[in-house]
Amino acid sequence: MGFADQRFTVNLSILFTELPLLERPAAAAAAGFTAVELWWPWTDSPTPKPSRLDALGKAIEASGVRLTGLNFYAGQLPGPDRGALSVPGEESARFRANVEVATDFAGALGCTALNALYGNRVDGVDPAEQDALALENLVLAARAADRIGAVVLVEALNRTESPRYPLVSAPAAVAVVDRVNAATGLANARFLMDLYHLSRNGEDLPEVIDRYTPRTGHVQIADDPGRGAPGTGSLPLADLLDRLAKAGYDGWIGLEYKPGDAPSTGAFDWLPARARAAR
């Protein structure tokens with residue numbers, strides 16, 4: 001099987017960032033891709049003006065690509081933050097204000113996966129208090145996502161790059177997924193399996209795939225070390241994606257890697273042009 005048998009979606013918040021936001025969907029299409037995903041594009045606002053939302057929506061539609069994934073507001077990302085939903089005070093309020101905005105935007109474009117980054121631990125705040133707030137906000141997000149037939153994704157990051165983020169293993173993230181589903185009864189919270197982050201944490205990737213694929217709603221990849229394109233590190237990504245397929249995963253594979261020093265158009269040489277368009 002290998003790479004040619006996968007459905008890839010390009011993350012426009014880490015690739016093509018040398019271009020203005022509104023030019024990135026067309027650049028992905030010009031590179032041969034038919035699907036894209038995004039972190040929340042406006043770190044300055046969880047509730048941007050409708051004109052900003054409309055402009056991005058039109059840029060996506062005009063390019064002919066499909067939006068397959070969108071993050072809820074996550075604070076300063078890229079930057080020091082790793083989400084807002086478990087952070088008491090203003091940040092969690094900003095997350096809640098964003099839920100309907102992000103859901104409506106995703107729904108209008110047929111996007112059915114919304115990533116809810118958990119947020120860093122806060123000095124002086126009881127972790128149990130943060131976890132209770134996180135569950136409350138994830139339940140809110142899951143109910144909103146259900147309205148458009150979407151899933152809410154819970155992601156494990158790596159402890160080296162995100163030392164204050166509490167979900168740094170597949171079991172930790174899946175445990176949150178289970179709590180959200182138990183609270184809502186909707187079963188639309190799912191695990192986001194990022195093979196780069198899990199590798200950085202030293203997890204047994206074949207075991208993670210075998211155990212958690214049935215509860216996985218999305219997969220993202222980058223090579224390790226370096227978080228570059230497949231082939232720049234030592235992860236057997238083609239083999240791992242084959243294993244995922246054999247375990248029953250038939251969803252999107254998010255390309256969430258750094259393009260290096262060259263323009264992003266040169267970061268896809270590992271993938272034949274004929275394999276870039278989703279089938």
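Rounding to the nearest 0.5 Å places CD of E203 at 11.0 Å from CD1 of I209. Taking CG of N98 as the start and CH2 of W40 as the end, the distance is 4.5 Å to the nearest 0.5 Å. With values rounded to the nearest 0.5 angstrom, L15 atom CG is found 8.5 Å from F33 atom CZ. Expressed to the nearest 0.5 Å, how far OG of S92 lies from CG of L85 amounts to 8.5 Å. We find the CG-CG distance between L153 and N71 to be 8.5 Å, quoted to the nearest 0.5 Å. Of the inter-residue distances, the one linking L109 atom CG with L56 atom CG reads 7.5 Å to the nearest 0.5 angstrom.
Taking the charged nitrogens against the carboxylate oxygens, R7 and D250 have no contact shorter than 4.0 Å, which rules out a salt bridge. Between R94 and E91 there is a salt bridge, since a side-chain N of the basic residue sits under 4.0 Å from a carboxylate O of the acidic one. Taking the charged nitrogens against the carboxylate oxygens, R82 and E161 have no contact shorter than 4.0 Å, which rules out a salt bridge. Contact check on D210 versus K246 returns no salt bridge, with no Lys/Arg side-chain nitrogen under 4.0 Å from an Asp/Glu carboxylate oxygen.
Here the side chain of N181 pairs a donor or acceptor atom with the backbone of N188 at under 3.5 angstrom.
Exactly one residue among Q220, E37, R66 makes a side chain to side chain contact (heavy atoms under 4.5 Å, CB included) with W252. That residue is R66.
Using a 4.5 Å cut-off on side-chain heavy atoms (C-beta onward), Y73 and T47 make no contact. Put simply, the side chain of P25 reaches to within 4.5 Å of the side chain of L12, judged on heavy atoms.
In plain terms, the two heavy atoms of L117 and A74 that are nearest each other are CD1-CB, 4.1 Å.
For F3 and F268, the ring centers sit 6.0 Å or farther from each other.
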### Message
Using the rule given for side-chain contact (heavy atoms from CB on, under 4.5 Å), can you reason through F72 versus R96, listing the C-alpha separation, both sets of side-chain angles and the distance that settles it, and then say yes or no?
### Response
CA-CA 9 Å; F72 288 110; R96 288 192 295 272; over 6 Å; no
### Message
For D81 and R164: C-alpha separation, side-chain torsions, deciding distance, then whether salt bridge (charged side-chain N to carboxylate O under 4.0 Å, His left out) applies.
### Response
CA-CA 9 Å; D81 299 331; R164 300 182 68 83; over 6 Å; no
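Dense packing is recorded around CG of D44, with more than 12 heavy atoms of other residues, nucleotides or ligands lying under 6.0 Å away.
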